[in-house]
Amino acid sequence: MKSNQSVIKIAIEQLAIGMYITDMDIPWIDSPFVRHNRLIKSEKDIQKLREAGVKYLLIDIKKGNKPSDNPDSTSQPEENKKTLDKPEEDQDLSSPSSMNQELKVALSIRNKVRHVITDIHNQISNNTPVPLDDITPLVDVTIESLSRNNQALMSLVHLTRTAEKIADHCFSTFCLVLNIAMERKLDKEQTEILGLAALLHDAGWARLPINLMGKRQTYTQTEKKLLAAHPQIGLNIVSEKSISETCARIIREHHERLDGSGYPKGLTADQLHPLTMYLAVADHYDECVHQLQDRPGMLPNNALRELYIQAEKGIFDVDAVAAMISMLGIYPVTTAVKLNTGESGVVYEVNSKSQLLPTIIIYYDNKKRVLQKPLKINLSQQTDEDTKRTIESILDPNSAIDDPERKFHSEYDLV
């Protein structure tokens with residue numbers, strides 16, 4: 001840290017409204033806020049930091065209020081006080097981690113993305129400038145999580161949504177496109193551009209009628225015109241000057257298709273930026289799975305099958321679709337399945353070397369009775385030939401017949 005006589009260390013008990021935080025003694029991923037640098041605006045902010053386990057912070061007294069005079073204060077502006085003793089991480093954040101370890105990080109990333117997207121849409125609704133400073137750390141930490149174990153974030157991508165459809169769609173598209181970028185070994189700059197584009201690609205929805213999201217009937221011509229305008233609406237509000245031209249172009253083109261059947265301009269393959277199709281594929285997949293436009297939602301494997309067929313027809317890029325299929329697997333995480341034993345459950349983790357034999361969480365026995373304790377089985381590690389379980393068929397997680405107790409949607413069983 002650079003020498004700065006205005007930066008001092010204080011205890012959480014000294015933190016007050018009007019102070020400007022520059023760092024805290026917990027990892028970024030455990031912070032309740034998107035950024036460590038922030039002005040404390042309410043008692044609620046302070047309470048969130050206490051609940052997150054913060055004990056000491058650094059504050060900048062040039063950017064915010066000073067602590068009150070206190071003879072027991074630790075907040076003297078001495079050079080040796082301007083550091084924080086941060087706890088050692090439980091794991092090496094550069095090394096592979098288990099599904100259970102990474103889910104905590106994945107849940108935190110999802111919450112931070114929701115927060116950022118909700119803030120962006122609120123600022124758009126209130127006609128206030130949209131700051132983008134919070135987004136770069138999200139891209140970096142998400143790439144790190146995907147590098148350690150990409151299954152954790154993918155498990156959250158497929159969960160059922162209720163109130164936060166736009167924020168969760170942006171989160172899912174963000175995770176999917178970064179995963180595709182890593183699968184195709186794109187460079188850091190290209191990956192960061194795609195991540196930023198994914199978080200901002202539907203900002204224009206803040207100005208569209210909310211009833212268009214997830215509409216079950218075919219859109220009218222007027223509604224189609226509104227939908228076609230949302231990429232540019234978002235760019236007008238966010239301000240294209242605040243992002244790179246490449247990022248703006250990808251956002252503008254993310255509903256275009258290689259054969260010219262997309263919108264808003266009906267561009268063809270030779271007119272599109274090479275990165276556009278990566279975002280287009282991720283966006284379309286999530287729209288299909290979660291019924292975000294004018295048709296029913298699809299099971300993940302059916303959505304992948306549709307993408308494959310459309311790529312064969314020249315609508316989507318074959319390489320981008322292949323990367324998506326390779327990354328998600330034959331049975332994507334959270335796919336509901338019936339086993340040869342009559343038991344049923346959901347895919348918990350894909351085994352990259354044995355995609356037909358993922359790890360399953362079994363919720364129902366062969367008579368559709370709920371197990372007192374869900375059973376986790378790695379199908380690729382079974383040794384007894386007589387009792388080997390295999391996937392027999394895919395179930396509909398929204399069917400009351402297949403999932404009478406709604407166990408296939410139990411997010412709490414993931415952690």
Between Ile233 and Trp205, is the side-chain contact (heavy atoms from CB on, under 4.5 Å) condition met? List the steps. CA-CA 8 Å; Ile233 290 173; Trp205 268 95; over 6 Å; no
Thr335/Leu299 under side-chain contact (heavy atoms from CB on, under 4.5 Å): CA gap, chis, key distance, verdict: CA-CA 8 Å; Thr335 298; Leu299 298 176; over 6 Å; no
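For Glu51 (side chain) and Lys48 (main-chain N/O), no donor-acceptor pair under 3.5 Å exists by modelled atom type. A donor-acceptor pair under 3.5 Å is absent between the side-chain atoms of Asp317 and the main chain of Tyr278, judged by distance alone. No side-chain donor-acceptor contact under 3.5 Å links Glu349 to the backbone of Thr359. Between the Lys368 side chain and the Ile401 main chain, a donor and an acceptor come within less than 3.5 Å of each other.
Residues forming a salt bridge (charged side-chain N to carboxylate O under 4.0 Å, His left out) with Glu183 (at least two apart in sequence, or on another chain): none. In terms of the salt bridge (charged side-chain N to carboxylate O under 4.0 Å, His left out) criterion, Arg50 has no residue partners (sequence neighbours excluded).
At a cut-off of 3.5 Å, with distance as the only test, no side-chain donor of Asn366 or Thr341 sits close to an acceptor on the other residue. For the residue pair Tyr364 and Asp403, a side-chain donor N or O sits within less than 3.5 Å of a side-chain acceptor on the partner. There is no side-chain donor-acceptor pair under 3.5 Å between Asn111 and His115. Looking only at atom types and distance, the side chain of Asn236 has a donor-acceptor partner in the side chain of Gln232 under 3.5 Å away.
Ring pair His255/His201: centre-to-centre distance not below 6.0 Å.
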